[in-house]
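Below, chains carry the letters A, B, ... as their sequence lines are ordered, and counting in each starts from 1.
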Number of protein chains: 2
Amino acid sequence: MFKVSRKSEYALIAVQHLARAQPDRVVSVADLAGQTQVPSDVLAKVLQGLKRAGVVRAVKGAGGGYGLARAPSDIRFLDVVQPFEDTLAVVSCQMPSHDCERSETCSLRDPMAVLNAFVLRQFDGLTMDLFVAPHHWLISGGRSAAPANDTSLARRLRQGEAAALR
Amino acid sequence: MFKVSRKSEYALIAVQHLARAQPDRVVSVADLAGQTQVPSDVLAKVLQGLKRAGVVRAVKGAGGGYGLARAPSDIRFLDVVQPFEDTLAVVSCQMPSHDCERSETCSLRDPMAVLNAFVLRQFDGLTMDLFVAPHHWLISGGRSAAPANDTSLARRLRQGEAAALR
DNA sequence: GAATACCGGACTAAAATGGTCCTATTTGAT
DNA sequence: ATCAAATAGGACCATTTTAGTCCGGTATTC
Ligand code: SF4
Ligand code: SF4
């Protein structure tokens, strides 16, 4: 459980890199692949997915490329990951197409629903500005403007949990 | 991401049912399969895994079966799930066999490590007594003794997050 | 010694994953 | 006009993971 797909990781890396570029500039896939060491074919697919999700914008033709559609602090972690994960739920019955036939008699369904909602809520407050380097927030508690919908997870990340790195 | 494997669900269901039985009694696989509607062959494998993990105890021979090895409040969610999940990390590089060759140059590794540690810590405080029915804690805030290592997730579950069920 | 019931490996079918390749189509520069 | 750069997107394949079945073996009770 927990683990994100490879494409999701690539998506996170891509957004991370695009966030470092100038806001009005676009970067080509080949360029981005060179920086990130991600296979360019895969990266191309990932960026197409991110565009469909409205996370990045694309400029076609020569000199074109990709850029973020909005500020990193306005892009949620789940926005980036969603297009590449068929399941964002802890159990099948909590997905839009709840395809578990045992759903009615299952005594695990209700507690799992609570658990599911909690996990999703935690991640909901997690924005991509926490992932752009340098991770000043990770070593010293570099503070940025705290958003309104703060959660425990995001707060913890922002304060920098150095001890968590063992 | 997030989703637990089918076997893990079966394991959770099994523990849930065993928790309702008398503490000194054991239940056979066939019996348990009848109650839970889980294929008995699969359930057998799952219970074997749980035994190896020390979560349940087994009594062989006629009249034998399975029972919990200790109190539900002393069994962590991750104890039940771990044997059936090859990955309990958000990213590959955070697993015991960190098998990502990109690990050195990856700018996503450090923030993911923090995220990973947080998620694991949240689930660490989640015990199986919160999953046994009836879910009084879910509808009315039925309070049991709060354990020492309480976490936000467990606390939220215990208080009952009815709103989370939409 | 026979029935009960756990133990555990081998095996298979299906699905998800990760990646490659190929062909449009759009756009800017020569 | 033409060509090259660069996104758009589908088809395809290899590998791994998942889910489940089957079967012989062992321990225990009656
Ligand atoms: S109904 Fe029960 S078995 Fe089915 S997906 Fe939900 S929790 Fe799992
Ligand atoms: S090193 Fe980077 S790409 Fe590799 S598993 Fe960790 S986060 Fe993912």
Revision key, fill the gap. Closest non-hydrogen atoms of B/M95 and B/T87, given as atom of the first, atom of the second and distance, are SD-CB, 3.5 Å
Filtered N/O pairs between nucleotides 25-30 of chain D and protein, under 3.5 Å:
residue	atom	partner	partner atom	Å
D/dA27	O4'	B/K60	NZ	3.3
D/dT28	O2	B/A62	N	3.4

Review point. Within the pair A/R52 and D/dA8, is there a side-chain N or O less than 4.0 Å away from OP1 or OP2?
Key: no
Point to revise | Side chain B/K45 and base D/dT21 donor-acceptor under 3.5 Å | key: yes
Review point. What are the 5'-most and 3'-most nucleotides of DNA chain C lying under 4.0 Å from any heavy atom of chain B?
Key: C/dT4 to C/dA10
Exercise for review: Check the pair A/S107, B/Q16 against side-chain hydrogen bond (donor to acceptor under 3.5 Å, both in side chains), reporting the backbone distance first and the verdict last.
Suggested key: CA-CA 8 Å; A/S107 54; B/Q16 196 184 40; 2.5 Å; yes
Practice item. In sequence, state the C-alpha distance, the side-chain angles, and the governing distance for B/Y10 and B/T36, and then conclude on side chain to side chain contact (heavy atoms under 4.5 Å, CB included). Key: CA-CA 9 Å; B/Y10 293 157; B/T36 59; over 6 Å; no
**Study point:** d(CD, B/Q48; C1', D/dG20) in whole Å
**Key:** 14 Å
Practice item. Answer yes or no: does atom CD of B/E101 have more than 12 heavy-atom neighbours from other residues, nucleotides or ligands under 6.0 Å? Key: yes
**Study point:** Atom pair distance, as rounded to whole Å: CG in A/L50 and P in D/dA8
**Key:** 11 Å
Check your understanding: For the residue pair A/A33 and A/V38, what are the closest heavy atoms and their distance?
Key -> CB-O, 3.3 Å
Exercise for review: Evaluate the ring planes of A/F123 and A/F77, with Trp represented by its six-membered ring, and classify them as parallel (under 30°), tilted (30 to 60°) or perpendicular (over 60°).
Suggested key: tilted
Check your understanding: Is B/L32 close to B/V29 at the side-chain level, that is, under 4.5 Å between some pair of heavy atoms?
Key -> no
Check your understanding: If we only count heavy atoms from C-beta on, is the B/L12 to B/M128 side-chain gap below 4.5 Å?
Key -> yes
Exercise for review: Carefully, step by step, assess B/L126 and B/F131 under the rule side chain to side chain contact (heavy atoms under 4.5 Å, CB included).
Suggested key: CA-CA 10 Å; B/L126 189 62; B/F131 287 80; 4.1 Å; yes
Review point. Which pair of non-hydrogen atoms, one from A/F84 and one from A/S5, has the smallest distance, and what is that distance?
Key: O-OG, 3.4 Å
Practice item. Heavy atoms under 4.0 Å is the rule here; annotate nucleotides 13-19 of chain D 5' to 3' with B where the base is hit, S where only the sugar-phosphate is, and - elsewhere. Key: -----SS
Exercise for review: Please state how far atom CG in B/L43 lies from atom P in D/dG20, giving the value in whole angstrom units.
Suggested key: 11 Å
Point to revise | Taking every non-hydrogen atom, the tightest pair across B/Y66 and B/A44 | key: OH-O, 4.4 Å
Review point. Between D/dA6 atom P and A/R25 atom CZ, what is the distance in whole Å?
Key: 14 Å
